[in-house]
Amino acid sequence: MKNISVQVSQHDKFQIELKFICPIKSGKKIGDYHIELYFFMPRNLEVNGHSFGTELFYNDFYEHIRFKTPQVDLAALVSDTSIPLQYLRKADANRKMSYCKILKMFCSIAKSAMRDSEKAVEQAHPLKRQQLGKEFLFNTEKLLQEFRACRPETGEPDNLELFDLVDEFLSINSNSYRYKLWEFFSIYDNQEMISLAAEVTGRELEYRKKREYPSMPYENADNSELLYRESTLKKAMAGILFLNVETRRAGVFLENLLLGIAAAVAMAFATAVSFIWKGLFLEEFSISFFIIWVIAYMFKDRIKSALQLYCLSKRNRYSYDFKQKIRDGLGHDIGVCREGFSYFNANELDSAVIAARNRHTLSRLENGSMEENVMAFRKRIEVYANPCRDIFQEFDVDGIVDILRLNVRHWTYKMDNPLRTVYTSDGKEVKKLEARRDYHVNMVVRFGERHGTDSLIRYRIVLCRDGIRRLERLNEKGEIDD
């Protein structure tokens, strides 16, 4: 991995997720990356600085930072030369911290390997899918067998319990990807693969039942225990890669400086008026001077407030709202990031962002003579390479993953009903049809490394009042990029 990359997806009905992968480069002490998100909001949604300000944006915004899971091919993971398996076999269950670290890291690597391998089956050439599907089912079984052969007979009680929890999670996870494979081959009615997937998943459920793991699915039950344990174990196992973030306000000195300058300008105006009036018209204190002083002070107060608002609005565009220290589980500093949110007029944007937006005639007509409201989120990430490499010396951890998730529910409040009636006619009969009332929010994602070349990608978020309908990546011509 050489450069920062991004994966954009729809997380659920109301959330979009952006996953930025920032590499930790060997031979480089600090990685300095920047991320910018521009949302072009149609005016009729009335999403602006008054209805959707900075506080609301951050309330609807979720993020977490973690190390990138080391990538190991599933076939390589179960081979005789598998490094993660070798570390696991040599791990001492009596050493609590080191054993826990290796066990959770192996779990994360295995989960990632199964996910990538199953995805590769779906994306393979049709003539190769069945063979790759069989290899996937064989390798997942072998993975679980090799892992379970490492179960320690003695050791710290907490470590023995953790091994069983990892075993349960890998069992749940392996079957979830096998079920995905079953669904995929069911589309093509491949009976051999359907039967094979059913056989393998059935054996795994029998094993889980034998071990008395609570995460068993049952017919005519709500199966909430299965989902709860899957979610809880997922967070617990991935926690080895998660990083702690300490957040505080950024730009406090600059903000106070600008407010002080605004107050000084306003006071200078009031003082100048009083001296000029007294020097030109009055020789001594009088009721007229008192009235002029009060009026000057009144204008001074208004000038101060107006200048402060102006300075703060400009500060938000060039400074940041928050500064975050990134620390590992032991409290060591491994990086810092800054983030800010503000609104722009379209004519204030960089020409590269405008070109990426690539507005066409219809969108201009939709908004009349007015431009779109433009929301901008900016983030800068600095990663200290040496401390990061020292944390997982046994594994090839070569990147930081910054996951951003934005809830768009507040964008839907002013939308019309999601369904409307339209009509058609064949010349003999008029028929009623159903039509969707959609809204388009364009998003330009800009990212890159300091002193490097930026990448810009445009997405279109298609929304209705019921939530996100679809997320489309658009090419330079404004066409959907398959």
Side-chain angles (χ1 to χ4, degrees), residues 1-11 16-39 61-71 108 112 115-116 119 238 241-245 247 250 320-328 333-341 349-353 355-357 375-392 395-406 442-459 461 471 473-476 481:
M1 181 176 58
K2 295 182 179 180
N3 300 309
I4 182 174
S5 61
V6 64
Q7 300 169 9
V8 183
S9 61
Q10 180 180 340
H11 179 73
I16 55 173
E17 182 177 277
L18 300 98
K19 184 182 294 184
F20 293 91
I21 304 173
C22 306
I24 302 171
K25 297 183 179 181
S26 57
K28 199 166 187 178
K29 292 183 178 180
I30 298 178
D32 193 342
Y33 307 96
H34 58 267
I35 296 165
E36 299 171 9
L37 309 179
Y38 297 92
F39 299 92
F61 190 71
Y62 165 82
E63 60 182 323
H64 70 261
I65 300 177
R66 62 173 176 83
F67 284 113
K68 180 176 175 287
T69 307
Q71 286 186 307
S108 296
S112 180
R115 178 200 63 207
D116 294 342
K119 190 181 295 183
L241 295 169
F242 281 18
L243 296 167
N244 300 319
V245 175
T247 304
Y320 294 93
D321 298 318
F322 300 104
K323 180 180 179 181
Q324 301 170 321
K325 287 187 177 180
I326 308 172
R327 294 191 172 102
D328 65 8
D333 289 348
I334 62 167
V336 64
C337 62
R338 299 171 178 86
E339 55 189 35
F341 171 79
L349 295 175
D350 188 281
S351 58
V353 176
R357 168 64 181 90
M375 297 192 306
F377 172 76
R378 298 170 298 114
K379 187 166 189 175
R380 182 180 174 187
I381 306 171
E382 296 178 42
V383 180
Y384 310 147
N386 290 336
C388 289
R389 283 192 287 266
D390 292 341
I391 295 173
F392 296 107
F395 302 96
D396 185 21
V397 177
D398 63 353
I400 296 287
V401 181
D402 186 19
I403 299 174
L404 311 177
R405 201 175 292 162
L406 182 61
N442 283 272
M443 176 178 69
V444 173
V445 183
R446 182 177 188 171
F447 56 94
E449 189 174 4
R450 191 178 185 185
H451 305 309
T453 303
D454 287 355
S455 298
L456 290 98
I457 308 174
R458 176 187 169 194
Y459 292 87
I461 308 168
L471 180 66
R473 176 170 174 167
L474 305 180
N475 59 25
E476 294 178 356
D481 192 350

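Each residue takes its place number in the sequence, starting with 1.
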Measure the [atom1]-[atom2] distance between [X] and [Y] for me, rounded to the nearest 0.5 Å.
{"X": "Ile16", "Y": "Ile461", "atom1": "CD1", "atom2": "CD1", "value": "3.5 Å"}
{"X": "Ser9", "Y": "Arg473", "atom1": "OG", "atom2": "CZ", "value": "13.0 Å"}
{"X": "Phe322", "Y": "Glu339", "atom1": "CZ", "atom2": "CD", "value": "7.0 Å"}
{"X": "Ile334", "Y": "Lys325", "atom1": "CD1", "atom2": "NZ", "value": "13.5 Å"}
{"X": "Gln324", "Y": "Asn244", "atom1": "CD", "atom2": "CG", "value": "12.0 Å"}

Please list, chain by chain and in numerical order, all residues satisfying side-chain hydrogen bond (donor to acceptor under 3.5 Å, both in side chains) with [X], sequence neighbours excluded.
{"X": "Glu63", "answer": "Lys379"}
{"X": "Tyr38", "answer": "Glu36"}
{"X": "Asp32", "answer": "Arg380"}
{"X": "Glu382", "answer": "Arg338"}

Could you pull out all residues at least two apart from [X] that satisfy side chain to side chain contact (heavy atoms under 4.5 Å, CB included)?
{"X": "Leu474", "value": "Asn442, Arg458, Arg460, Glu472, Ile480"}
{"X": "Gln7", "value": "Lys19, Ile21"}
{"X": "Thr69", "value": "Arg66, Ser108, Ile109, Ser112, Leu241"}

Under the ring-ring contact (aromatic ring centres under 6.0 Å, His included) test, residues paired with [X] that sit two or more places apart:
{"X": "His64", "value": "Tyr62, Phe242"}
{"X": "Phe377", "value": "Phe57, Phe61"}
{"X": "Phe67", "value": "Phe392"}

Decide side-chain contact (heavy atoms from CB on, under 4.5 Å) for Asp454 and Phe447; before the verdict, give the C-alpha distance in whole Å, the side-chain angles of both, and the deciding distance to 0.1 Å. CA-CA 6 Å; Asp454 287 355; Phe447 56 94; over 6 Å; no

How about [X] and [Y]: do any of their side-chain heavy atoms sit closer than 4.5 Å?
{"X": "Val383", "Y": "Ile24", "result": "yes"}
{"X": "Cys337", "Y": "Ile65", "result": "yes"}
{"X": "Val353", "Y": "Leu456", "result": "yes"}
{"X": "Val444", "Y": "Ile457", "result": "no"}
{"X": "Leu404", "Y": "Phe20", "result": "yes"}
{"X": "Val8", "Y": "Met443", "result": "yes"}
{"X": "Gln10", "Y": "Glu17", "result": "no"}
{"X": "Ile326", "Y": "Val336", "result": "no"}

Derivation of the side-chain contact (heavy atoms from CB on, under 4.5 Å) call for Ile400 and Ile381: CA-CA 10 Å; Ile400 296 287; Ile381 306 171; 5.6 Å; no

Closest heavy-atom contact between Gly448 and Ile4? CA-CG2, 3.8 Å

Looking only at non-hydrogen atoms, find the nearest pair between Pro70 and Val397 and report the distance. CG-CG2, 3.9 Å

Side-chain (Asp350) to main-chain (Ala352) donor-acceptor, under 3.5 angstrom: yes

Between Asn3 and Thr453, does a side-chain contact (heavy atoms from CB on, under 4.5 Å) hold up when you go through it step by step? CA-CA 10 Å; Asn3 300 309; Thr453 303; over 6 Å; no

Going through the distances and angles, do Lys68 and Asp398 end up as a side-chain contact (heavy atoms from CB on, under 4.5 Å)? CA-CA 7 Å; Lys68 180 176 175 287; Asp398 63 353; 3.8 Å; yes

